[in-house]
Trainee: 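This is the structure I want to talk about, given as structure tokens.
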Amino acid sequence: MSLFEVVIIGGGTAGWMTAAALAKFLPQDTHRITLVESELIGTVGVGEATIPHIRYFNSMLEIDENDFVRSTGATYKLGIQFENWGKNGDSYIHPFGVHGRDFPLLDFHHCWLKLREENKVLPFDNYSLASMAAKHNKFMYPTEDSQSIFSSYTYAFHIDAGLYARYLRRYAEALGVIRREGKIADVLLDADNGNISSVVFDDGFTLQGNFFIDCSGFVGLLIEGTLKAGYDNWSHWLPCDSAVAVPSEKVLPLRPYTRSIACEAGWRWQIPLQHRTGNGYVYCSKYISDDDAKDQLLQNLDTPALADVRQLKFTAGRRYESWKKNCVAIGLSGGFLEPLESTSIYLIQVAIMKLLELFPHSEENPLRRLYFNKFMKTEYELIRDFLILHYRLNSKSDSAFWNYCATMEIPSSLERKMALFEDTAHVEHYSLGLFMRPSWLAVYLGQGFIPKEYDLRTRHVKNLDFRLTDFDNLIKNSVAAMPDAQAFLAKIHGDEVGQCPAATLSLYGRN
Ligand SMILES: Cc1cc2nc3c(=O)[nH]c(=O)nc-3n(C[C@H](O)[C@H](O)[C@H](O)COP(=O)(O)OP(=O)(O)OC[C@H]3O[C@@H](n4cnc5c(N)ncnc54)[C@H](O)[C@@H]3O)c2cc1C
């Protein structure tokens, strides 16, 4: 029996994540996996902040977490600090964890809203252990004991994207993935059914395949260049279309969180790694020139730059069909949502998981395609709405860009969610996709979107203010007992941290 030939085009994060996962789960006696990449073209090279789901991906591959942390220059991440987003000077954290402790039948934030009216609360952040630990540069593994406050958060990583791709390459090659260096110059179709039959390198070499995975980055070499899947352009809702990025020296003390700092025509990121800091400015080119964005990025670095500034251009949106004919697009070839909530690697991961679930045995798979495309649409749209929320909720009046964002039309799906919260303080529940109630609450309340009403049952909770004070004390004492993030990380190198907890997402999102 001939082998089922799987061809992956692209060796960035998407390509090597896909290759590693397929190599782990597809039987080697029936499938051959070949990955094509071009050093000349290179990779996008950014993509360093992750969300907790990456721990699932790694554990699925049976990767040792401590080895991963050592090998990818990773640091621990408890959330994202949003600075200047509501209005200039504001700051809040979207943590990988919950705020407060829910009361029987009653979500914590309703009680916080009631006491807020009486001026008896601290900022919402103060009731989240993950947020307060992050603000104090503390980190330790969460516990699995659900009675403990230390089970109220989870964690992710900041990683060096280049090192992660190399790490996965070693993993995939050890499992038999064949890597081919070279530039694809042409893509050939089967005249009978319109499927891709082979790719042709610029030196004339032809590689045939039964199933193709397009991980070629923004260009979408197969999915768009050849198959014309079409692009749903969301730039009217997410107008940032450019970024400049530069690494700089390490910032100390080590912060266990990503920083996202709103500025004139977008926002800047700061991502701490073990050996350097990742910095970038995501902006809308209608409101600031590339040169000014670059200057602002360089002027605001906390440490000296280590390389030249890189420029990237993009359009927010997604392919109408992520899976078309015998080709699936994974990574930037499938769509792009700006890195405000570090979701691109997550989108790569869920596409891989779904592809594994539906992996085809032949070249004709209309039902699998349909299901896959519907699934990816939902994932993209839910993240899209959550990102737009951050922009929409700004109350800055000092820039044309922010004014546009505060007044632009938003998708009806988001309008409905916001209206429900504004009216009732309830967060719309959905069963698929990313970002659960704690995430929506962090952004709503962090950016000052205070509902008109809250749950009337709060009146029946006795000693509410004492209970919140007690909880605040518990958080303060717990933070004081945690080690510095830098000290915890240092122990990784001596293998002294012990076994990391199992990857759990119950606090943050589904997989
Ligand atoms: C400014 C910015 C910041 C980001 N920050 C984050 C973040 O913090 N967190 C996060 O999760 N994500 C982030 N992302 C997204 C993240 O970088 C990508 O999702 C991730 O790197 C995957 O990229 P990729 O592998 O799809 O594409 P690429 O890295 O572009 O790789 C494409 C591959 O295809 C190959 N290729 C292309 N054309 C050809 C050809 N003709 N022949 C042969 N090979 C070819 C290239 O050589 C390369 O190997 C960010 C993206 C941008 C633009």
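Computation of the quantities below employed the complete heavy-atom set of this structure, encompassing side-chain atoms and omitting hydrogens, waters and symmetry-equivalent molecules. Residue numbers count from 1 along this sequence. Numbering of ligands and ligand atoms starts at 1, following listing order.
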Trainee: Does Val282 reach ligand 1 with a nitrogen or oxygen that is under 3.5 Å from one of the ligand's nitrogen or oxygen atoms?
Mentor: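 In fact, backbone or side chain, Val282 has no N or O that close.
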
Trainee: Kindly determine whether Arg255 and Gln270 satisfy side chain to side chain donor-acceptor pair (under 3.5 Å), including the steps that lead there.
Mentor: CA-CA 10 Å; Arg255 295 189 180 106; Gln270 193 184 69; 2.8 Å; yes

Trainee: Got an N/O contact under 3.5 Å between Gly11 and ligand 1?
Mentor: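 Yes: some nitrogen or oxygen of Gly11 is under 3.5 Å from one in ligand 1.
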
Trainee: Heavy-atom distance to atom 33 (C) of ligand 1: which of Ala156, Gly220, Gly15, Cys215 wins?
Mentor: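 Looking at heavy atoms only, Cys215 sits closest to atom 33 (C) of ligand 1.
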
Trainee: Measure the acute angle between the ring planes of Phe359 and His31, then classify it against the limits of 30° and 60° as parallel, tilted or perpendicular.
Mentor: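 It falls in the perpendicular class, over 60°.
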
Trainee: Parallel, tilted or perpendicular, judged at 30° and 60°: which one describes the rings of His94 and Phe96?
Mentor: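 It falls in the perpendicular class, over 60°.
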
Trainee: Give the atom numbers and elements of ligand 1 that come within less than 4.0 Å of a heavy atom of Leu221.
Mentor: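 Numbered from 1, ligand 1 contributes 40 (C), 41 (N).
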
Trainee: If you measure from CG on Leu355 to OG on Ser322, what distance do you get to the nearest 0.5 Å?
Mentor: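 Going from CG on Leu355 over to OG on Ser322, the span is 11.0 Å.
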
Trainee: Heavy-atom distances under 4.0 Å decide this one: backbone, side chain, both or neither, for Ile348 against ligand 1?
Mentor: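 Within the 4.0 Å criterion, Ile348 contacts ligand 1 through side-chain atoms alone.
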
Trainee: How are the rings of Tyr92 and Phe82 set to each other: parallel, tilted or perpendicular (split at 30° and 60°)?
Mentor: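 Tyr92 vs Phe82 ring planes: parallel.
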
Trainee: So for ligand 1, is Leu332 a polar contact partner (N or O within less than 3.5 Å, distance only)?
Mentor: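 Yes, Leu332 has an N/O under 3.5 Å of an N/O on ligand 1.
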
Trainee: Return yes when Gly182 approaches ligand 1 closer than 4.0 angstrom through a heavy atom, no otherwise.
Mentor: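 It does, in that a heavy atom of Gly182 comes within the 4.0 Å cut-off of ligand 1.
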
Trainee: Would you call Ala245 a ligand 1 contact, heavy-atom distance under 4.0 Å?
Mentor: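 Contact absent.
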
Trainee: Is there a side-chain contact (heavy atoms from CB on, under 4.5 Å) between Phe372 and Asn365 once you walk through the steps?
Mentor: CA-CA 11 Å; Phe372 183 90; Asn365 303 282; over 6 Å; no

Trainee: For atom 30 (O) of ligand 1, which of the options Leu340, Thr13, Val44, Asp202 provides the nearest non-hydrogen atom?
Mentor: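 Among Leu340, Thr13, Val44, Asp202, the closest heavy atom to atom 30 (O) of ligand 1 comes from Val44.
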
Trainee: Indicate, as side chain, backbone, both or neither, the part of Ala243 found under 4.0 angstrom from ligand 1 when only non-hydrogen atoms are considered.
Mentor: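 Near ligand 1, Ala243 shows its side chain, while the N, CA, C and O stay back.
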
Trainee: Closest approach of Thr277 and Val251, non-hydrogen atoms and distance?
Mentor: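 So the two residues come closest at OG1-N, 3.3 Å.
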
Trainee: Does even one non-hydrogen atom of Phe336 get within less than 4.0 Å of ligand 1?
Mentor: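 Under 4.0 Å: yes for Phe336.
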
Trainee: Can you find a heavy atom in the side chain of Trp402 that is under 4.5 Å from one in the side chain of Asn88?
Mentor: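 They are not in contact (no side-chain heavy atoms under 4.5 Å apart), so the answer is no.
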
Trainee: In terms of side-chain heavy atoms, does Tyr283 have a donor or acceptor partner in Glu264 at a distance below 3.5 Å?
Mentor: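 No pair is found: no donor N or O on one side chain lies under 3.5 Å from an acceptor on the other.
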
Trainee: Using a 4.0 Å heavy-atom threshold (strictly under), name the region of Glu39 that reaches ligand 1: side chain, backbone, both or neither.
Mentor: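 No part of Glu39 is near ligand 1 at this cut-off.
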
Trainee: So is Gly42 in contact with ligand 1, going by heavy-atom distances below 4.0 Å?
Mentor: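 Within the 4.0 Å threshold, so yes.
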
Trainee: Against ligand 1, does Thr50 come closer than 4.0 Å with any heavy atom?
Mentor: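 The answer is no, since Thr50 has no heavy atom less than 4.0 Å from ligand 1.
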
Trainee: If we only count N/O pairs under 3.5 Å, is Ala49 in contact with ligand 1?
Mentor: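 N/O-N/O distance below 3.5 Å exists for this pair.
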
Trainee: Any N or O on Ile41 sitting closer than 3.5 Å to an N or O of ligand 1?
Mentor: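 Looking only at distances, the answer is no, because the N/O contact criterion of under 3.5 Å is not met.
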
Trainee: So, Lys77 side chain and Ile271 main chain: donor-acceptor pair closer than 3.5 Å or not?
Mentor: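 Absent.
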
Trainee: Purely on distance, is any nitrogen or oxygen of Leu312 under 3.5 Å from one on ligand 1?
Mentor: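 No - when backbone and side-chain N and O of Leu312 are compared with those of ligand 1, no distance drops under 3.5 Å.
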
Trainee: For ligand 1, which atoms have a heavy atom of Thr43 less than 4.0 angstrom away?
Mentor: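 Near Thr43, meaning under 4.0 Å from one of its heavy atoms, ligand 1 has 29 (O), 48 (C), 49 (O).
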
Trainee: Could you check whether Tyr164 and Asn58, counting side-chain N and O atoms only, form a donor-acceptor pair closer than 3.5 Å?
Mentor: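 Judged by distance alone, the side chains do pair up.
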
Trainee: Could you check whether the rings of Phe218 and Phe336 sit parallel, tilted or perpendicular, using 30° and 60° as the cut-offs?
Mentor: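 Correct class here is perpendicular.
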
Trainee: Do Tyr346 and ligand 1 have an N or O pair less than 3.5 Å apart?
Mentor: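 In fact, backbone or side chain, Tyr346 has no N or O that close.
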
Trainee: If the contact criterion is a heavy-atom separation under 4.0 Å, does Trp269 count as touching ligand 1?
Mentor: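 Yes, Trp269 has a heavy atom closer than 4.0 Å to ligand 1.
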
